[in-house]
Amino acid sequence: MLPKGPYDPNKTEKEILDYWLENDYFKPEFRSEQKLSTAYVEGADKRETYTNILPPPNANGNLHLGHMSGYAYQDLMGRYNRMKGKAVLLLPGKDHAGIQTEVVFEKVLEKEGKTKKDMGRKKFYEECYKFCMENSETAREQEKNLGLSADFDRELFTLDPKIVKEVLQTFIDLYDDGLVYRDKRLINWCVRCQTALADIDTEYKESTGKLFYFKYGFTEPDPYAVEIKNKYAGEEIEVLVERNKGMKYKNKEGEEFKWEFDYYGSIPNETNPADNSDLDVILIGFDDLEVGDKVKGKTIGLMLRLDKDFKLIVINPDNSEVKLDEELDKHFHRFSKYFAGVHIRLFDEYPDDKYYNLGFILATTRPETKFGDTALCVNPKDERYKDWVGKEIEVQTLIGNAKLNIIADEIIDPEFGTGIMKVTPAHAPDDWDIAMKHPEVLPEKQCIGFDGKLNHICGKYEGMKALESRQKLEEDMKKQGILVNLNGKYKNRIQICERCKNQIEPLISHQWFVDTDPLKEKAKQLVKDDFTNIMPEGKENVYLNWMDTPEDWCITRQLWWGYRVPVWYKIQPKEFVTETGEVKERFGEDIMHSMKDYKEYMKVQVDDPGDKWVQDEDVFDTWFSSGQWPVVTLLAKDGDFEKFYPTQIMETGWDILIFWVTRMMLLCPYKAKSYLLRDDKNLDLTDKEITPFQNVYLHGLVLDREGVKMSKSKGNGIDPFKMMHEFGTDALRLSFVIGNKVGQNYRLYEEKIESFRNYCNKIWNISKFTLMNIGDEQVQNFDPDEIGNNMEKDDKKMIKHIDKLIENSTRNMDNFNFGVVAQELYESIWHEFADVYLETIKPRIYTKDRKGNPINTSDEAQDSRKAALWTLWYCLDKYLRLLHPFIPFITEKIWQEFPKKEEESETLMYAKWPN
RNA sequence: GGGCGGUUAGCUCAGUUGGUUUAGAGCAUUCGCUUGACGUGCGAAAGGUCACAGGUUCGAAUCCCGUACCGCCCACCA
C-alpha cells in the first residue's frame, strides 16, 4: 500500500536513492537472480554494453541548471538502455578546467590576502587540488541526488595520476609522430592571465574607438612644397573659377565616378613652381560661383600629395559662417579616397619648413604598435601606389627615422582608410600572415611586452601600458604634425579573453602546437561516413566547417594549474626581446635553433633527465586533456577500454560542440589507435573501433522566462536544488525534457516545474487508486487468456491505446525524440487513463455501494471486475516502465508496492522495457 | 561575408518519415463542482487564416522555392 496524502518527493527520493546505491544498481557489472530482470545473466555476461562518458563539470564551483539538464538526458538514455537489457556504464568525472579554475582560485586566495606568486608553484597546485576535491564532493552528492545512475566508483578527476599518465603519453606519441611541434608564432596573449590562448578561447566585443590617420612623412621636406608655402602663406590672391560641381573621374578599376566638390579654381598668370602649370586651388566659403568668375580669397594652407600635385587652399575671408574644420575634413576624406598620401597643412599651424614633406597616410586604431612596423603594404591592383611597390622609404617617426619596405598583397582592402597598411607582424594576426608570405618583411619586431607595456624599443614611451600610451601618442603626433586626421567614433570589435574579459594582445612567443590537419581529416571523415552521428543534424555543418579551418592548435598555457608539459630543456628557455625588437629564445648558447637543432637541447619524456635539464614551465590547454576524455577514462581501469569503447553516445550542450566535441574527435581516434597498437603494431583497425562515440546528442541551453541565457552575473538563474526540494527531482527532470527537442534552447521557470510536480502527484494518486482497488487480488497471476474473454469494450480500447503508446514511445526513444515520448505519456496517462478509463470502470470494480451494501456479486459481474482490475494492473505496469527513465524516483517507489510476478525484477531499473 | 535555428492559442512550447481530429498540452482566463485516488483536483467554456507569398499533392503546420522579422554561431574589419 502506498501511504496516504500527496506524494512526498523529499522523503521518497532519499529512500529510493539509498536503495539503488546499496544494491549497486548503477554499476554495469550488476547481475540479478530474477529471471525477468534485464540484469539476469546465465554464465558469462555477454550483454551488449551501453556507455556514456559524462561531460565532466568544472571542479571549481557548484552545479547549475545547465549541468542538471544534461544529466537528465544522459540518465534517461542510460535507464532506457538498461531496461532494454544492456550493461550500462555512465562514467562521471570532474574537470580541472585549467585557466578558469586558476582564475577562480586566485580570487579565493585574494580574499585570504594571499597570492599565487607568494605560494609558489608546488603549494599553489596542492591547494588548488584540494579546493577542487572539496568542490567535487559537493557536486558528486548533487549528481546522486538527481538520481543520476552513474557508476560513482569509477568517477575520475582530470588531474588524477592515472589520467595524467595517459594524457602525457598522448603528447609524447604525437611528438614521435611529428604531430606536435614547438614554434615561435603570433599568439593571443592575455595580459591579465599571463598566458597564450587559442583563438577559440577569445571573444570579440563591440567597441567605439579612434581611427588615427597619421603620416609616415619622408625625412626631408619637399622643396617644391616649401617653395609654394613660402610664396603664398597668408597671401590674398585672385582666383579664376575653373570647374564646377560634378566632374567625372575614373577610379582605380577604371569605373567612372563623380567627384563632388564645391568650388575649384586656378591662379591665372602664375607659374606653379612645381611643374610649370597653373596651381590648382580649393575654394572654401564662396557661394554661387560660375566658371570664369574671378574671386579674391586668403591662402590658408596647402594640400600635399605623394605625386606632387599640390593644391592651395583658399578661404573667403568675408564668409564668417564657414566651419573650417568640417570643410577640411570633407576634403581630406574625398581626396584620400582617390589619391595616395593626401594631407593638409595649414600655414599658420605649421609654419616650419619641416612639415612640408611628402609621405604616406595610414589609418590605424592602434598607433602604439607603430614602433613595431616593419613594412607598408598595399593592394597590388591599387593604381595609386603601384609605382611605390618594391621600394624602400625612409620616414620620420616619433622616436627617430625608420626605413620601411613597401610591399603588395591581395589581403589589403583598397577601400579601407587610405588603402595602405602598416605591417606590424609582432602585434597583429593579418600582419603576421603577410610577413610569413613575404620573406623581405622582418616578422619579429616586438614593441609591446608580455606585461602589456611598451618596451625598450619605444624610446620615451617605454613602460607605458598600450592603451595609456595611445593618448600620449595622439598628443605628440598632433604636435609634430604627424596626425593628419582623426575619426573619433570608429566602431570596431576588440578581441578579449573569454575568461577574464580583458583585451587580448597578439604577441610572438614560443608555444607547442598540434598539427591538426591529419587529425581533422580523420575527424571529418568519421562524421561524413556516419561512424559518428551528430544531432541535431544542422550542427553537423558547424562541425564540418570548423574541421575545414586550417589553423593549428596552440596547446600550451603559461599557467600552473594543469598538466605540466613533459619536455625538458638543457637550460631553461626564456624569451626576450633584443635591442631591435627581435624575439629570441635563450637556449644554452644564445643561439636560435631550427626545429632539428632543438632536439639536442630538448627531451620529450615524462621522467626528469637529471641535472642541467629543466622542465618546460607551461601546462596544457584544458581541452587537450578533456579532448581525450572518453579514451583516458576507460584506460584508467583495466579492461574497461576493451569492453566499453567506442561509446554509444556523447550528450552535451550544443554550445560546446566546437570547444569540446571537435577536440575529442581530433584526439580520441588517434589516442585509441595508438593505445590499441601498443602491443601489436600490425593490428588492422576499423573506423568503427576508433571513433569515440556513435552518437552526439546536443541538448539546448536553459533560458530564463524572457529567453535570456541564465548566468551568475545576470542573477537570472534558478537554483536547481531549491526546485528539487520544493517540487521534487522528478518534476525538475521532466521540465528539462517534456515538449523539448534536440538542440533547441528552452525557457524554464517555476510554474513549469510546478505543473510537473502536479503531474507526479497525479501519477501517485492513480497508483494509489489502482493498488487500493486491486487489494489482495493476485492480479499478476491472472490468466490473460481468460481475462481476455471477459473483457469489455472499454478494456480492449484501453489496451489497444496503451499498445500503440508503447510502440510510439519505443520508436521515439530510439529516434532520440525524448520530448515527444514524455509528452505523449503525459497526455495518455492523465487524459486517457485517469480521466476516461478509470472513471468508466468505477461501477464495475466497486464491491460496495454508498451505503455499504455488497454489489457486483454475480459471477458475471465478478468476471467483469477481474478483467477491469487486470487491465488497470496491466496499464499501470506499462506506464511505470515507460515513465521510469524520465521520473525514476516516483516510479521506483510505486514499483516497490506494485503486485509483481515472482521472477520480476525487484527494481524497476532492470524491469524490461515493454514491447 | 559564411552558416544554423525560429515564426503554431494571451504567454511557453509540442505536433513523432504528408492523412486517424474540428491542429494539441501546460500556464493564464471564464463558469460550475466537498463525485468514496487526487482541490497539486474534477467537469465544462472561450481562445489559432499554423509569419507572408507561391508551388508539389487526392490531401500541407509538415515537402520545395522565395520574402519578411527575431535569435544564435563562425570569420573579418589595418
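Per chain, numbering begins at 1; letters A, B, ... match sequence-line order. A quick note: this is a predicted structure, and the numbers were derived from the prediction, not measured.
- Nucleic acid contact class of A:E754 (heavy atoms, under 4.0 Å, all strands): none.
- Residue A:T365 places its side chain closer to B:A78 than to any other of B:A78, B:C42, B:C72.
- Contact annotation: side chain of A:E839 to base of B:A37, donor-acceptor pair present below 3.5 Å.
- Among the nucleotides B:C4, B:A78, B:A37, the one closest to any side-chain atom of A:K539 is B:C4.
- Comparing the P positions of B:G47 and B:A9 gives an interatomic distance of 14 Å, to the nearest angstrom.
- Residue side chain A:W764 fails the stacking definition with respect to B:A37, as its ring centre and the base's six-membered ring centre are not both under 5.5 angstrom apart and under 30 degrees in plane angle.
- No side-chain donor-acceptor contact under 3.5 Å links A:S469 and A:E368.
- Relative to the six-membered ring of A:Y874, A:K878 meets both conditions, a distance below 6.0 Å and an angle of at most 45° to the axis.
- Dashed line: the shortest gap from a side-chain N or O of A:N545 to OP1 or OP2 of B:G3 is not under 4.0 Å.
- Side chains of A:Y837 and A:D795: a donor-acceptor N/O pair is present below 3.5 angstrom, by distance only.
- On a pure distance criterion of 3.5 Å, a polar donor-acceptor pair joins the side chain of A:E824 and the base of B:U16.
- B:U62 makes up no base pair with any nucleotide shown, lacking Watson-Crick or G-U wobble contacts both under 3.5 Å.
- Heavy atoms from other residues, nucleotides or ligands lying under 6.0 Å from NZ of A:K437 number more than 12.
- Contact of A:R757 with B:U40 (side chain to base): a donor-acceptor pair of N or O atoms is detected under 3.5 Å.
- At the heavy-atom level, A:Y204 lies under 4.0 Å from the strands shown only through sugar-phosphate atoms.
- Atom CD1 in A:I766 sits about 17 Å away from atom P in B:G36, given to the nearest Å.
- A:S828 and A:Y879 are linked by a side-chain donor-acceptor pair at a separation below 3.5 angstrom, with hydrogens and angles left out of the test.
- As a whole-Å value, the separation of A:K741 NZ from B:U8 P is 12 Å.
- Stacking of A:F416 onto the six-membered ring of B:A78 is present: less than 5.5 angstrom between centres, less than 30° between planes.
- Here A:E827 lies in heavy-atom contact (under 4.0 Å) with sugar-phosphate atoms only.
- Across all strands shown, A:A363 has heavy atoms under 4.0 Å from sugar-phosphate atoms exclusively, and none from any base.
- Between B:U16 and B:G10, the two C1' atoms lie 28 Å apart (nearest whole Å).
- Which of B:A25, B:U12, B:G6 sits closest to the side chain of A:K752 comes down to B:U12.
- In this structure, A:D835 places its CG atom 14 Å from C1' of B:G26, rounding to the nearest Å.
- Contact check, A:H831 against B:C42: no side-chain N or O comes under 4.0 Å of OP1 or OP2.
- Mapped onto RNA chain B by nearest heavy atom, A:R850 and A:Q823 fall at different nucleotides, with A:Q823 at the one closer to the 5' end.
- Counting to the nearest Å, the C1' atom of B:G36 and the NZ atom of A:K848 are 12 Å from each other.
- Across B:C70 and B:C52, the matching C1' atoms stand 15 Å from one another, rounded to whole Å.
- Checking B:A14, B:C77, B:A37 against every side-chain atom of A:Y490, the shortest atom distance belongs to B:C77.
- The distance between atom CD of A:Q744 and atom C1' of B:C4, rounded to the nearest whole Å, is 11 Å.
- Heavy atoms of A:K762 sit under 4.0 angstrom from at least one base atom.
- Using a 3.5 Å distance cut-off with no hydrogens or angles, the side chains of A:D814 and A:Y80 do pair a donor with an acceptor.
- At whole-Å resolution of the value, CG in A:N815 and C1' in B:U17 are 9 Å apart.
- Cation-pi check for A:K762 over A:Y759 is not met; the charged atom does not lie both under 6.0 angstrom from the ring centroid and within 45 degrees of its normal.
- More than 12 non-hydrogen atoms from other residues, nucleotides or ligands lie less than 6.0 angstrom from NZ of A:K501.
- The gap from the P atom of B:U56 to that of B:U17 amounts to 25 Å, rounded to the nearest Å.
- For the pair A:I200 CD1 and B:C74 P, the interatomic distance rounds to 7 Å; values are reported in whole Å.
- In this structure, A:K804 reaches the bases: a heavy-atom distance under 4.0 Å links it to at least one base atom across the strands shown.
- When each of B:A37, B:A25, B:U40 is scored by its nearest atom to the side-chain atoms of A:M772, the top-ranked nucleotide is B:A37.
- Within 4.0 Å (heavy atoms only), A:W546 reaches no atom of the nucleic acid at all.
- A donor N or O paired with an acceptor N or O is not found under 3.5 Å between the base of B:U16 and the side-chain atoms of A:N817.
- Remark: B:A78 base-pairs with no nucleotide; criterion is Watson-Crick or G-U wobble with both hydrogen-bond distances under 3.5 Å.
- Nucleotide B:C13: paired with B:G24 (Watson-Crick or G-U wobble, both distances less than 3.5 Å).
- Comparing B:U16, B:A78, B:G6 by their closest approach to the side chain of A:N808 singles out B:U16.
- Residue A:R747 places at least one side-chain N or O closer than 4.0 Å to OP1 or OP2 of B:C13.
- Between A:N758 and B:C38, a side-chain N or O to OP1/OP2 separation shorter than 4.0 Å is absent.
- Here the straight-line distance linking atom CD1 of A:I412 with atom CD1 of A:I407 works out to 7.5 Å at 0.5 Å rounding.
- Among the protein residues, A:F756 comes within range of no part of the nucleic acid, since none of its heavy atoms lies under 4.0 Å from any strand.
- A gap of 11 Å separates the P atoms of B:C64 and B:G18, to the nearest Å.
- Taking the P atom of each, B:C31 and B:G15 are spaced 34 Å apart, rounded to whole Å.
- Under the Watson-Crick and G-U wobble criteria, each requiring two contacts below 3.5 Å, nucleotide B:C69 is paired to B:G6.
- B:G48 is unpaired under the criterion used here, namely a Watson-Crick or G-U wobble arrangement in which both key atom distances are under 3.5 Å.
- For the pair A:E897 CD and B:A37 P, the computed distance is 19 Å after rounding to whole Å.
- As rounded to the nearest Å, B:G36 and B:C42 have P atoms that lie 14 Å from one another.
- Summarising the local packing, NE2 of A:H801 is surrounded by more than 12 heavy atoms from other residues, nucleotides or ligands at distances under 6.0 Å.
- In this structure, A:L838 reaches the bases: a heavy-atom distance under 4.0 Å links it to at least one base atom across the strands shown.
- When the nearest nucleotides of RNA chain B are assigned to A:I658 and A:N492 by heavy-atom distance, the more 5′-ward of the two goes with A:I658.
- Residue A:F818 is classed as having no contact, given no heavy-atom separation below 4.0 Å to the nucleic acid.
- Within the 4.0 Å cut-off from OP1 or OP2 of B:G26, not a single side-chain nitrogen or oxygen of A:Y749 is found.
- When the C1' atom is compared between B:C65 and B:A46, the two are found 38 Å apart, to the nearest whole Å.
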